[in-house]
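All residue numbers in this chain count up from 1 along the given sequence. The shown structure was predicted, so the numbers you read here are calculated from the model rather than taken from an experiment.
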Amino acid sequence: MPDTALEEPHQARAKLPRVFYRLAAGDALSTYGSQLDLVALSLFAYEAAGNALGTAGYLVLRLGGGLVGGLAAGRLVARLERRRLMTGCALAQAIALVVVALAPASARIPVLYPLAVVLGGAAAVCAVALRTSIPEMVGSDRRAHANSLMASCRSAAMVLGFASAGVVVAWAGFRAALLIDAASFVLFSALVLRLPLPTRATPTEEATTGPDEAPAEADGPAPEAKRRRNRWQALVVLRAAPVVGAMAGIRLLDAFGSAAHNISLPVFANQSSPDNPAALLGTFWATWAIGNLAAQQLVSRFMLRRGIEPGERGFALGTCLMSACFILVFTGLPTPLFLLVAIGAGLGDGFTEISYTTRIQALADERRGEAFGILASAENVGMGTGMLLSGSLLALLSPLTVVGVSHSVPIVLALGFLVLVSRARRR
C-alpha cells in the first residue's frame with residue numbers, strides 16, 4: 001500500500017486549531033504525571049513488599065490492565081461519547097492514585113495491585129479515544145501535523161517525568177508525588193471536557209482509505225443489529241486492512257525490544273560508568289529526547305510542507321533506525337558516537353510513532369478505534385513479556401546480547417514489511 005500524499009501541499013501548512021495546542025499541553029501534563037507515578041509506584045511497591053517481586057507484580061498487573069483496556073477500547077470508542085470517555089478515564093486514574101496515596105501502610109499492597117489494573121486499563125482506553133478523535137478535531141489533512149506535535153510534547157514530558165521523579169519522591173515523598181500526578185489527570189479531564197472540538201465523524205463523512213471502508217457513524221450507540229455484526233469487529237478490521245495486522249505484529253515485537261533496552265540500560269550504565277551510572281542514564285534519555293523532538297521537526301518542516309505524509313514505508317524505516325540504534329547503544333561506543341546513536345534512537349522512535357498513528361487514522365472512524373485498540377494491546381503484550389523474559393535473561397547474558405536479539409527481530413520484520421509495501425506500490 002503506498003504512502004499517503006496530501007492532495008494539496010499548502011494544506012499541511014495550515015495552522016492547527018488554537019485550542020488543540022491546549023490539548024497537546026494537557027496531554028503532556030498527564031504524560032508527565034504518568035511517568036512520575038510509574039517511578040513512584042514502582043518504588044512504592046518495592047518498599048511495601050520488601051523485595052523486587054513487589055515491583056514486578058505491580059508492573060505486570062499494570063500492563064495486564066493495559067492489555068484488557070486495549071481490547072475493550074475499540075468497542076468503547078465506537079459506542080460512547082469520546083470526550084466523556086477520555087474525561088472518565090482520566091478521573092478514574094486520578095481517583096486510583098488518591099486512594100493509593102491515602103491508604104494506610106497495612107493496606108498498601110491489597111490496594112495497590114487492583115488499582116494497578118485500573119491505571120493500566122484507563123490509560124489505554126484514554127489513549128485510544130484521543131488518537132481516534134484527532135482527525136475529527138483537526139481535519140484529516142492536518143492529522144500528521146497534529147500527531148507530530150502530540151508526540152513531541154509527550155516525549156518531552158516523559159523525559160521530564162523520569163528525570164524529576166527521583167527528586168520529587170526524595171523531597172516530598174510518595175504521597176505528594178501521587179497527589180501531584182492525580183492533579184495532572186484532573187486538569188487534563190477538565191480541559192478535555194471543555195474542548196470545543198468534534199471527536200467523532202458525522203454520518204455524511206466518507207472514509208478516506210479505500211473501497212473497503214464504510215461511512216462513519218454519528219455519536220451514540222449503534223443499532224442492535226449492527227452491534228451483533230460488529231461483535232468481531234477487530235477481526236473485520238484486520239481482514240479489511242491487513243496493514244494494521246502487520247503493524248500490530250511489528251509493534252508487539254518492537255515493544256518487546258523496548259522492554260529489553262529499558263531493563264538493560266541500568267545494568268549497562270552500572271557496568272560502563274560505575275562511579276555515576278545515573279549521569280549516563282540521564283545523558284542518554286536527554287539525548288534521546290532531542291532526537292525525538294527532531295523527528296517532529298523533520299515531519300512538519302520537510303515532509304508535510306512538500307505534501308507528503310509519513311506512511312507505511314516511514315513506519316518500517318523508522319522501526320529499523322530505532323532498533324539498530326538501540327543495539328549500537330550497548331556496544332561501548334566512544335561518547336560522541338554514543339550520543340549520535342542516542343539521537344538516532346530518538347529520531348526513529350518519534351518518526352515511527354508519528355507514521356503509524358497517522359496511517360491508522362486514515363481508516364474510517366468506526367474502524368479506527370478497533371485498530372488503535374489492537375495496537376495498544378499488542379504493545380502491552382510485548383512490553384509485559386519483554387520485561388519478564390529480559391529480566392531473566394540478563395542473569396545469564398550480557399545486555400548487548402539481550403538487546404541485540406530482542407531488537408533484531410523487529411528489524412527483520414520491518415524490512416519484510418517494507419518489501420511488501422514497495423511491491424504493492426509498484427503494482
Side-chain angles (χ1 to χ4, degrees), residues 35 147-149 151-163 250-251 253-304 308 310 313-356 386 390 394 397-415 418:
Q35 307 314 310
N147 290 328
S148 65
L149 174 65
S152 296
C153 294
R154 197 177 296 122
S155 62
M158 285 175 63
V159 174
L160 184 60
F162 278 129
I250 295 172
R251 290 296 291 181
L253 292 167
D254 178 49
F256 187 97
S258 295
H261 71 242
N262 275 292
I263 290 178
S264 300
L265 272 170
V267 178
F268 176 75
N270 277 282
Q271 293 174 352
S272 302
S273 181
D275 296 332
N276 196 355
L280 179 63
L281 277 177
T283 300
F284 171 80
W285 286 118
T287 310
W288 172 89
I290 293 173
N292 205 274
L293 293 171
Q296 187 267 339
Q297 297 299 315
L298 176 65
V299 171
S300 63
R301 293 181 180 275
F302 295 99
M303 295 186 67
L304 297 182
I308 302 171
R313 292 191 302 175
F315 168 78
L317 292 172
T319 299
C320 291
L321 175 62
M322 172 182 59
S323 293
C325 287
F326 270 118
I327 293 173
L328 291 173
V329 163
F330 292 86
T331 58
L333 296 171
T335 299
L337 291 179
F338 175 81
L339 297 177
L340 182 63
V341 296
I343 289 176
L347 184 67
D349 211 346
F351 194 70
T352 302
E353 168 77 12
I354 297 167
S355 298
Y356 94 81
S390 298
L394 281 172
L397 304 172
S398 68
L400 175 60
T401 303
V402 173
V403 174
V405 172
S406 300
H407 271 296
S408 294
V409 178
I411 290 177
V412 172
L413 289 180
L415 289 174
L418 183 62

Excluding sequence neighbours, so at least two apart, what forms ring-ring contact (aromatic ring centres under 6.0 Å, His included) with Phe351?
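Phe351 satisfies ring-ring contact (aromatic ring centres under 6.0 Å, His included) with no residue once adjacent residues are dropped.
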If you take all heavy atoms of Ile250 and Ala414, which pair is closest and at what distance?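 Smallest heavy-atom distance, with atoms named: CD1-CA, 4.0 Å.
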Requested in this report: Looking only at non-hydrogen atoms, find the nearest pair between Ser390 and Ile263 and report the distance.
Outcome: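 For Ser390 versus Ile263, the nearest heavy atoms are CB-CD1, 4.4 Å.
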Thr319: partners by side chain to side chain donor-acceptor pair (under 3.5 Å), with sequence neighbours left out:
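Scan of Thr319 (side chain to side chain donor-acceptor pair (under 3.5 Å), adjacent residues dropped) gives none.
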With sequence neighbours excluded, residues passing side chain to side chain donor-acceptor pair (under 3.5 Å) with Asn147
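By the side chain to side chain donor-acceptor pair (under 3.5 Å) rule, Asn147 matches Thr358, Gln361.
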Under the side chain to side chain contact (heavy atoms under 4.5 Å, CB included) test, residues paired with [X] that sit two or more places apart:
{"X": "Leu339", "value": "Thr283, Thr287, Thr335"}
{"X": "Pro334", "value": "Pro336, Leu337"}
{"X": "Ile290", "value": "none"}

- With rounding to the nearest 0.5 Å, note down the distance linking CG in Leu265 to CG in Asn270.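 Here the interatomic distance stands at 11.0 Å.
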Legend entry - Cys325 side, atom SG; Ile343 side, atom CD1 - distance, nearest 0.5 Å: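 These two atoms lie 10.0 Å from each other.
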Would you sort out whether Arg251 and Thr352 count as a side-chain contact (heavy atoms from CB on, under 4.5 Å), showing the intermediate values? CA-CA 10 Å; Arg251 290 296 291 181; Thr352 302; 3.4 Å; yes
Can a donor-acceptor pair be found, under 3.5 Å and without considering hydrogens, that links the side chain of Ser408 to the backbone of Gly404?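 Pair found, side chain donor or acceptor close to backbone of Gly404.
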**OP:** Quick one: sort the Phe338 and Phe284 rings into parallel, tilted or perpendicular, breaks at 30° and 60°.
**Re:**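 Tilted.
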